[in-house]
Protein chains: 4
Amino acid sequence: MGVQERREREKHARQEAILEAAREVFFTKGLDQTTIDDVAEQAELSKGTIYLYFKSKEELYISVFTQGIEQLTQQLNALRDQFGQRRADELVLQIKDMYYAFYHKYPEYFYIHSLLYHGRIKGKIDPVIWAASHQQTRICLQVVSDILQRGIDDGLFRPVDAWKAANSLWGAATGVMMMLDDEEHQQMVGMPAKELLDYTTELLIASLRQL
Amino acid sequence: MGVQERREREKHARQEAILEAAREVFFTKGLDQTTIDDVAEQAELSKGTIYLYFKSKEELYISVFTQGIEQLTQQLNALRDQFGQRRADELVLQIKDMYYAFYHKYPEYFYIHSLLYHGRIKGKIDPVIWAASHQQTRICLQVVSDILQRGIDDGLFRPVDAWKAANSLWGAATGVMMMLDDEEHQQMVGMPAKELLDYTTELLIASLRQL
Amino acid sequence: MGVQERREREKHARQEAILEAAREVFFTKGLDQTTIDDVAEQAELSKGTIYLYFKSKEELYISVFTQGIEQLTQQLNALRDQFGQRRADELVLQIKDMYYAFYHKYPEYFYIHSLLYHGRIKGKIDPVIWAASHQQTRICLQVVSDILQRGIDDGLFRPVDAWKAANSLWGAATGVMMMLDDEEHQQMVGMPAKELLDYTTELLIASLRQL
Amino acid sequence: MGVQERREREKHARQEAILEAAREVFFTKGLDQTTIDDVAEQAELSKGTIYLYFKSKEELYISVFTQGIEQLTQQLNALRDQFGQRRADELVLQIKDMYYAFYHKYPEYFYIHSLLYHGRIKGKIDPVIWAASHQQTRICLQVVSDILQRGIDDGLFRPVDAWKAANSLWGAATGVMMMLDDEEHQQMVGMPAKELLDYTTELLIASLRQL
DNA sequence: AATGAATGAGGATTCATTCAT
DNA sequence: AATGAATGAATCCTCATTCAT
């Protein structure tokens with residue numbers, strides 16, 4: 001009895017360890033430039049073992065991605081519980097900072113779009129994993145939308161389409177962060193990513209506010 | 001004498017043809033998934049010929065990128081000439097539409113950041129070409145900035161930092177377009193990219209306006 | 001004491017079960033394309049267990065082969081007991097039908113020659129098992145030879161070399177059956193394997209008959 | 001002009017050289033046990049070059065097979081031209097010897113059936129090449145059938161179905177040769193393959209003869 | 001006896017780049 | 001200048017076998 005449980009636990013732990021190692025290398029080198037050998041070495045396991053836990057390099061990659069989004073979702077859900085205690089505009093700013101911290105830890109997450117775009121990944125992974133990944137993103141956006149709606153209900157924001165505004169905020173934030181991700185680009189612009197992000201968010205929120 | 005000129009002309013024309021072919025395939029498959037054979041076939045040339053004109057796959061890729069930005073720059077410069085005839089806020093909206101059209105034709109341009117980020121490209125290309133690429137981007141942003149400044153001077157916009165606002169607009173626009181680039185993501189959001197772009201731009205400009 | 005016997009029995013039963021499962025997959029996919037995982041799954045056992053009963057994939061394969069030939073031998077021996085009741089030419093026809101039925105059930109047995117030929121197997125299996133496999137084949141041929149000799153003694157067949165004729169019959173039967181084993185080849189020839197087998201046997205027996 | 005011709009010639013010569021090298025190793029080790037490296041080394045070329053001429057290991061294998069059958073076809077066609085000069089039964093014996101010589105040089109050709117049987121090959125090769133391979137086999141059988149028909153028309157053979165008899169002869173010959181292909185099996189039987197082949201053919205022809 | 005996680009050698013295939021013609 | 005044949009390093013994935021539990 002206990003044996004099976006322990007095995008289960010160990011198996012899960014190993015899977016987590018592989019994901020952690022994979023994140024490390026994928027974020028350093030990108031999907032195409034990362035080899036399974038790289039991941040195996042980082043995880044201090046043999047190549048074959050990686051394939052015991054993940055069917056292909058692509059599935060491993062998307063799993064890393066999904067896990068990351070899950071973390072973000074958890075944070076957002078925790079925030080949701082503070083609905084009663086804070087004003088909606090404060091919550092939005094908190095989300096922004098949360099998102100920024102996430103971006104700093106997992107910048108690669110933003111580049112996955114490029115791979116989706118070219119169909120580089122789609123055909124090679126389990127549809128279930130694929131769907132889960134999309135679902136997570138939806139949940140993130142939904143939390144933002146709910147918060148905005150709350151602000152509207154409270155008379156803090158104008159009666160805009162909360163979902164639309166949430167997507168605007170999310171997209172704009174992503175865009176400015178990505179733009180300043182490149183070191184040289186940042187020097188050209190002459191300000192840190194955080195500053196531009198704050199500024200952009202400020203502009204958007206100001207627009208949403210009830211006059 | 002005339003011979004040399006003709007040669008020069010032909011050489012340039014061929015280079016343009018290769019760039020055109022390369023754009024076609026790079027945009028369809030992405031850098032890593034594109035082979036030189038793909039480019040050669042598209043250009044109806046032999047593999048070896050490609051290497052007569054470009055030192056490596058990476059240099060070819062960045063050249064495509066640079067050329068694209070050049071086109072955008074030209075359009076923006078043409079706009080600059082209308083400074084006297086139109087209001088700054090109208091010009092900004094025109095730039096937005098121009099940028100959207102550009103994005104529709106060359107979505108890949110947005111993904112190059114991912115490659116820059118991983119250093120996938122930098123070490124393999126001629127520094128001169130590299131610098132030119134950055135310079136082009138600066139010019140684009142400068143035009144937007146100039147237009148905003150003009151709006152401020154005209155009392156149309158609040159006295160914000162034009163350069164900062166230009167970067168906000170550019171980054172936000174890029175972000176929302178990229179976000180809705182993925183077909184499935186677009187379905188999840190439930191609105192076309194253009195609509196979200198228009199909405200986001202509207203919000204930002206409203207914020208900039210003199211009350 | 002009784003415990004040991006039961007253990008012995010169980011062990012044997014399990015070995016049989018593995019052989020049965022192995023036959024199933026080996027005959028479907030061939031030696032090289034079959035994995036031990038395939039066998040384990042079919043047997044509803046773990047990979048490791050297979051290795052408790054058979055030293056290697058090759059030994060398992062040859063065991064399957066030997067077991068099949070043993071079945072054929074048993075049938076042939078049963079036939080031998082009818083020596084007194086039937087004419088030799090009738091017995092030969094019965095053997096032919098028996099062989100055809102065997103071929104239908106175990107076509108793979110004919111292909112093992114290819115593996116023997118390339119030495120693909122020899123070095124990897126227990127010599128005892130190997131010798132047993134050859135011995136079985138000899139027994140089959142001996143039964144046919146004995147029947148032919150009986151026909152000769154009875155004045156039914158011409159006084160030919162019974163062993164030689166037995167080998168002719170066996171080889172020819174094998175050849176025509178294998179030839180029509182391939183679906184497309186069969187379509188090309190335009191007749192079912194059984195028909196060609198009957199025809200060929202008829203021709204050979206006619207030749208052996210006393211005029 | 002001459003350049004293109006020479007290139008063409010060289011290309012063909014290289015392809016032939018690869019086929020020759022491939023035959024060598026395939027016949028020694030069998031399809032599954034042969035690596036492309038083996039072939040490349042034998043051909044004194046690099047691995048990549050092999051793939052320049054053949055799409056996959058399987059296609060190379062079937063090409064070797066087809067080329068072998070082509071040789072046999074040529075020999076058979078040459079024989080056809082002697083129709084006027086020799087009796088049909090003599091021609092059949094000549095074909096038998098020709099087939100035996102072929103078997104001695106290319107024993108592997110007989111084992112290809114095993115690979116066809118398991119579908120090991122079919123899905124991985126160009127249908128055109130595949131069809132050609134079947135077509136060649138048909139031609140071989142047709143020549144034998146034509147000769148038999150000639151013998152029937154000449155009153156040398158009984159009025160049997162020539163196509164059916166041709167398939168019987170071909171299959172039987174293949175079967176006895178394969179059976180004695182294995183060295184140990186041959187020792188068990190106690191006679192060389194040629195002797196059993198001659199004997200079997202004799203029996204079959206005797207059966208076909210007009211009494 | 002049974003399990004199944006871990007290993008790592010092995011092999012097919014691809015593709016950027018070179019170079020002789 | 002243009003070609004395209006040749007190269008061989010690189011990489012994904014498989015699977016027979018071992019071994020600790």
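Everything numeric in this text was worked out from a predicted model, so none of it was measured. Reminder, nothing fancy here: chain letters follow the sequence lines and each chain counts from 1.
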query = Does Tyr53(A) have a side-chain nitrogen or oxygen under 4.0 Å from the phosphate oxygens OP1 or OP2 of dA6(E)?
reply = yes

request  = Report yes or no: do Gln33(D) and Asp32(C) form a side-chain donor-acceptor pair below 3.5 Å?
outcome  = yes

ask   = Roughly how far, to the nearest 0.5 Å, is OG1 of Thr34(A) from CD of Glu24(A)?
value = 11.0 Å

task = Between dT17(F), dT13(E), dT7(E), spot the one nearest the side chain of Tyr51(D), thanks.
result = dT13(E)

inquiry  = Taking pairing as Watson-Crick or G-U wobble with both contacts under 3.5 Å, can you name the mate of dT17(F), or confirm there isn't one?
reply    = dA6(E)

message = Once you apply a heavy-atom cut-off of 4.0 Å, does Leu52(B) come out as touching a base, just sugar-phosphate, or nothing?
response = base

message = So if I take every side-chain heavy atom of Thr49(D) and compare against dC12(F), dT17(E), dA6(F), which nucleotide ends up nearest?
response = dA6(F)

message = Need to verify one output field. Residue with the more 5' nearest nucleotide on DNA chain F, Ser56(A) or Arg7(B)?
response = Arg7(B)

request  = May I ask you to say what Arg14(A) touches in the nucleic acid, namely base, sugar-phosphate or nothing, with a heavy-atom cut-off under 4.0 Å?
outcome  = sugar-phosphate

inquiry  = Counting the atoms with a prime plus P, OP1 and OP2 as sugar-phosphate, which does Lys124(C) contact under 4.0 Å by heavy atoms, base, sugar-phosphate, or nothing?
reply    = sugar-phosphate

inquiry  = Does Phe54(A) reach a base, just sugar-phosphate, or nothing at all? Heavy atoms under 4.0 Å.
reply    = nothing

message = How close do Ala21(D) and Val39(D) get, counting heavy atoms only, and between which atoms?
response = CB-O, 4.1 Å

Integer-rounded Å distance: dA9(E) P and Ile36(A) CD1 = 18 Å

message = On the side chain of Lys47(A), is there an atom forming a donor-acceptor pair with the base of dT7(E) - under 3.5 Å, no angle test?
response = no

Sub-4.5 Å side-chain heavy-atom contact between Glu70(A) and Thr66(A) = yes

task = Can you tell me the pairing partner of dA1(E) across any strand shown, Watson-Crick or G-U wobble, with both distances under 3.5 angstrom?
result = none

request  = Establish, with yes or no, whether the OP1 or OP2 oxygen of dT11(F) is under 4.0 angstrom from a side-chain nitrogen or oxygen of Thr35(A).
outcome  = no

inquiry  = Can you work out whether Glu44(D) or Glu58(C) has the more 5'-proximal nearest nucleotide on DNA chain F?
reply    = Glu44(D)

message = Counting C-beta onward and ignoring hydrogens, is there a side-chain heavy-atom pair between Glu16(B) and Gln67(B) closer than 4.5 Å?
response = yes

key: Closest-nucleotide 5' rank along DNA chain E - winner of Thr34(D) and Thr34(B)   = Thr34(D)

